[in-house]
Structure formats: structure tokens, C-alpha cells
Amino acid sequence: MIKRKIDKKEMNYRYQNRSWERFKRHKLALAGLVFLIVMSLLALLAPWIAPYDPNEVAGGFSKAPSLQFIFGTDQVGRDVFSRLLHGTRISLLVGLAATAVSTVIGVILGLISGYFGGWVDMVIMRFTDMVMSFPYILLVLVSAAIFGPGLLNIILILGFVDWPGVARLVRGNVLAIRENNFIKADLVAGLPGKYILFSEILPNTIAPILIYATSVVAISILDEAALSFLGMGIQPPQASLGNMLNGAQSLSVLTSKPWLWIPTGSLIVLLVISINFIGDALRDAFDPSGN
Amino acid sequence: MLEKRDGRDDGVEESEVCMEQKEPLLEVKGLKKYYPIKDGIITHTIGHITAVDGVDFKLYPGETLGLVGESGCGKSTIGRQIVALENPSEGEILYKGRPIRRMAKDETKEMKRNIQMIFQDPYSSLNPRKTVFEILSYPMLYHKICSEREAPKEVERLLDLVGLSKNMAGRYPHEFSGGQRQRIGIARALSLRPELIICDEPVSALDVSIQAQILNLLKNLQKEFGFTYLFIGHGLDAVHYISDRIAVMYLGKFMETGQAQELFENPGHPYTVALCNASPIPDPKVRDRNRRILTDEIPSNVDIPAGCRFHPRCFCSTEHCKFHEPSLLSVNESGTHMAACPIMNPLQRQEETEACISI
């Protein structure tokens, strides 16, 4: 018994070690991971690191970067750097939470659809097609208009919009795994469906789900930014990366006051790129044949 | 612990006598399986693939029935119907006299424990994310064969039975070779202490030296625990080696059934002759022997030839064969050897030939 446990631990270690080796080969993903970790830490510690309260009017209107305000101040005199840290916090939270919501919905529907097949599959998949065929941004805007903007609503709206991809992915995987002989052996032995579904099929679909989920995080961050930019997302004065760009809508700001949009814009780009690189590397890390 | 059942050490002669008296463990009656072919913009059935086209047989406790035939003749389909992975289109499967499709819930559970299957591909038959211990223990716990505390011991014992080392219980499937995986598959089938084991081409994915090991393992286990096997295979040697009785299948029907030795020595159907001739003999002296080998393709099982389904490829077919589908007829006096060919049948030859002339 004791020996078996040691063996298993060692195995897991070896498996993870090899996956990490494969992950490390992607230099960009490694850089992305470091960047993401640093940004997450800064965002988490924002209340202590930020030099000013993000909502406090600390200086003159739209002041250029200086030693006092390293990224300058916005139109109402708030410190851009402090708002950036707090905004990242909100954006990452929306990205992760919305992904969690959509992954849970997608996995459940995908499992049911793929495992039971028949008319259940038919109904769920047609519903999935329906959600997918709505113009995405319009759906989000209309929902935001109906349910009202706000942090929780944004998370739920984005979560309910992003699940079809996950559901299709999981369904496809279940269909493929179901054909394996080990599932047939379970059926022959009369083992309960609960066990087959959650203990045999689900663990074999975790890797692709995780990979897909990283891209959903990136998409959710972008969507939150877009929604807030249009004024339907996180409501001021609360800072988010999207509504910080809201102030940069006019041509004069774009040309003469770049500190209002360049730091925020590049941060969004870097976050999304980092997450996508990590997703790419995860795909390779999870594929044992890639050695 | 697995209890040793009354062994079969008394040999084939004994079991032949017993067969008449014993209740069959499994009885297959008029089994047919068609798969619909769907096509069109609005999908509709445009035809059927005939996988099994009316098969009857009985399996007696402790015996091994071998099923042979070319790929696609429906051997594995029969196996899948017996373990209830699929529903037969027609016909019945009786386990100890009770139809397997109409059992009460706890009866079904007991039946499922008693009928196990060993699969062809040892690579897809084990969950890659589970250790051998996890793979083997859950079914036993579910069927209450052992308690959680006894499980590690029971798993070790099973591994020992199939010739694997005890400390392999903590390993993952990808750390094993094909032969070892097949042994784990066998251990899983044994773990539920079944009566009947369907072996669906258990050795065809393994290399030759391992094949012999696995066949011997299956034979020894049968001797020890009295399992009944339905052995599905296309390697004639393997099937011959392990089986007491053999059924030769062609396009979903039995062409010949009989005691293994008798069937090979004195085949009563041209298809059996061709199959025997197709299997290679490792002896350079007989390399240039006259062999009857089937060269053309097996006909599509969507459009099965009329009359005797083997006649387009048969070396002794007559006009009569094109119109009359022969049924299984006794070839020997005792009725243990049956073949579906009146032309080759020494007992039937006279009248059938006359009938042929009269057409």
C-alpha cells in the first residue's frame, strides 16, 4: 500500500516534469507567463502599491507624465498609473470569472450531449448553434442594456455567451473517448454511468478544456474592454482597462495626449498576447507524443 | 478469493459426453444484426449492412467455442450482442435460459458481472489516466467482490494470476508493453469472477511469441477456474489451439461447426478448406503445395449473393448453389459436425446431386 503511493507520486512527478520541459521550450510563453504573474501580483497588491487612490483627484487635468505621476493624469486629474493597477485587477477578475462560468456551462452541456447522444444531443447542439449564430457584440450589448451594467452582470453575460465553444469541444472529445475499449469494458461490467462520465471520460478531456479556457480568458478580457469602452461595461468611477480607454475617444486626445491610451492599450494587448502564448504552450505540454 | 470450479482436466472426450446433459450457459437463437445505411439530404435508410444473418449456437459450461472467419464476417458483432453493447435486430440471447434483454435490474447486474470481455486492442482498452490499481479495483468494489480494505491484496493476487509483478499496481498503462497490457485486460475480466468470457481477437494485435503466452495463460486460467470462453479470432492456429469446438463464419452465417480436431482434419465446407489452405505452414518443403486460396474480394455485406452466399468464390459450386441457400446439415453420424454445403457432404451428396440435376 505504502509502496504503491510512492510509485504514484513519483509517476505524477515524472509526468509533470516532462510537461514542464515541453512548456519551457516556448520562450514566448515563458515570457508571457512571467509577465502575467508579475501583472497579477501588481493587480492583487494594487491597494498597497498604487501611489494614489484610483478615484481621487490628485493633480491637474490631463497632465503629461512626470515624476509625480509616472503615466500622467486623466481628464479629471486622477493618477493613470494607480487606475491602471486597479483596472488590471478588474479586467483579470472579469476574464477569469467569465471563463469559469462559461467553462462550467460548456462542460456540463458538452458531457451530457456527447454521452447521451440521440435527441438530447440534437436539442443541446441546435441550441448551441443558435447562441453561436447571434451577432456576438450585439447580444452582449442588448443583455447589458437589459440587465444593467456592473461587474457581476458583465461576468455573467460574458460567461453565458462564451460557452458554446467549450460545449462543442467537450462533446467532440466525449464522442471520441466513448469509442475506446475501456469505456466498453465499463459498460460490459455494468458500471454506473456516473462513474463512466466523471471518472473515466472527464479526466481525459481536462487538457483540451484547459487549453481552450486560456483563449476564453483572453477573449473575455477583450470583450470587457470593448464593452466598457462603449460605456456598457464597468461603470465609472470604478476603473477597468476598457473604461479607461473610454476617455480617449476623441481625435485630439489620441494625437496630443498619448499617455491616456498608450499604457492602457498596450497593457491589454500584452495581457491578451501572453495568455494566448501560454495557451499554445499548454497545448504542447499536454501532448505526451510531442517529446 | 476465486473459488476453483470443477476443472476440465478430464479432457475433451468427457466434455463431449457432458454436453448432452448439461444446461447450456448461453444460448443464441436466430441472432440477426443489420446496420442501417443512411444517406440523402433528409437522412433516410437506403439499405442495410448485414453483419449477422441468423446464427444459432449453444455454449456449455467450461468449453471454448472458437469463431473464425474473414474480417467483416460478423464474428465480433456476435460478441457485442452477447455482452449487450448492442441490441440484436432479431433473435434472442439466453443466459442460463433467461433472455438477457428482459432481466430485472439486479439480475442484469449479476449477468453483467458474469459475462466479461477481453478486447482486441490492448492500447485503447485501458484508461491512460488511471493506474492499474484504479483500473482493477473499481469494478470489484462496485460489484462488492471485495471491500476497500481487501482491494490492494486482491489486485496483487490478480496481477500474480496473469503473470505480472505485484508492484506494477501503481503504474500507468503507457509504462507497459502490448502483451502486458493485454494481461491487465485479462486481469480486469477475471476480477469480477465471471462464468463466461468473450475473447474478441485477444491475440491478433500482439506479436507471435506473446500470442502463445497469452493463449497459454487463457488456457491455464480456464483449467483452474472453469471459465467458458467464446474465442473470436481470425488466426486459425490460435483458434485451433484453444478451442474445443469451432464455428466457421462467412458473411454473417455459420458455414460449418464441429469439434476442433474433426473440423480441421475433415472439413465439410469449401470455405473451411480455403481457410485451412490459407494458413501458412512453416516448412519449405511444402512451399509449392497445391493450395486452394481465395483470391477475390469478399462480397459486400450490403448485397449478399443469392443462393449459397459463398458460391461466387467457391471452387466446387454448381448451378444449384446459385439458387438454393443450404442449411447446416450433419456431416458425421453423431451429428456433432455440421456443414452448410450439400456438395461436399458425404451423407447428403446423393439426393442433393439428384435435386441439382432435376432443376
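Values below: all heavy atoms of this structure, side chains included; hydrogens, waters and symmetry mates excluded. Just so we're on the same page: letters track the sequence lines, and every chain starts at 1.
Residues A:Met125 and A:Ala167 approach most closely at CE-O, 4.4 Å, considering heavy atoms.
Remark: aromatic rings of B:Tyr138 and A:Tyr195 are close, center separation under 6.0 Å.
Tested against B:Glu107 for a salt bridge (Lys or Arg N to Asp or Glu O under 4.0 Å), the candidates B:Arg102, B:Arg113, B:Arg101, B:Arg98 yield a single pass: B:Arg98.
Residues B:Ile78 and B:Phe57 have side chains in contact (heavy-atom distance under 4.5 Å, counting atoms from C-beta outward).
Contacts between B:Lys130 and chain A at a heavy-atom distance below 4.5 Å involve the side chain alone, from C-beta outward. Proximity to chain A is limited to the side chain of B:Arg188, based on heavy atoms less than 4.5 angstrom apart. When heavy atoms are compared at a cutoff of 4.5 Å, B:Ile115 approaches chain A solely by way of its backbone atoms N, CA, C and O.
The most heavy-atom pairs under 4.5 Å with chain A, out of B:Ile198, B:Asn127, B:Val83, come from B:Asn127. For the options B:Met111, B:Lys112, B:Lys153, B:Met117, heavy-atom pairs under 4.5 Å to chain A are most numerous at B:Lys112.
The aromatic rings of B:Tyr172 and B:His174 lie parallel to each other, their planes meeting at an angle below 30°, with 60° marking the opposite boundary.
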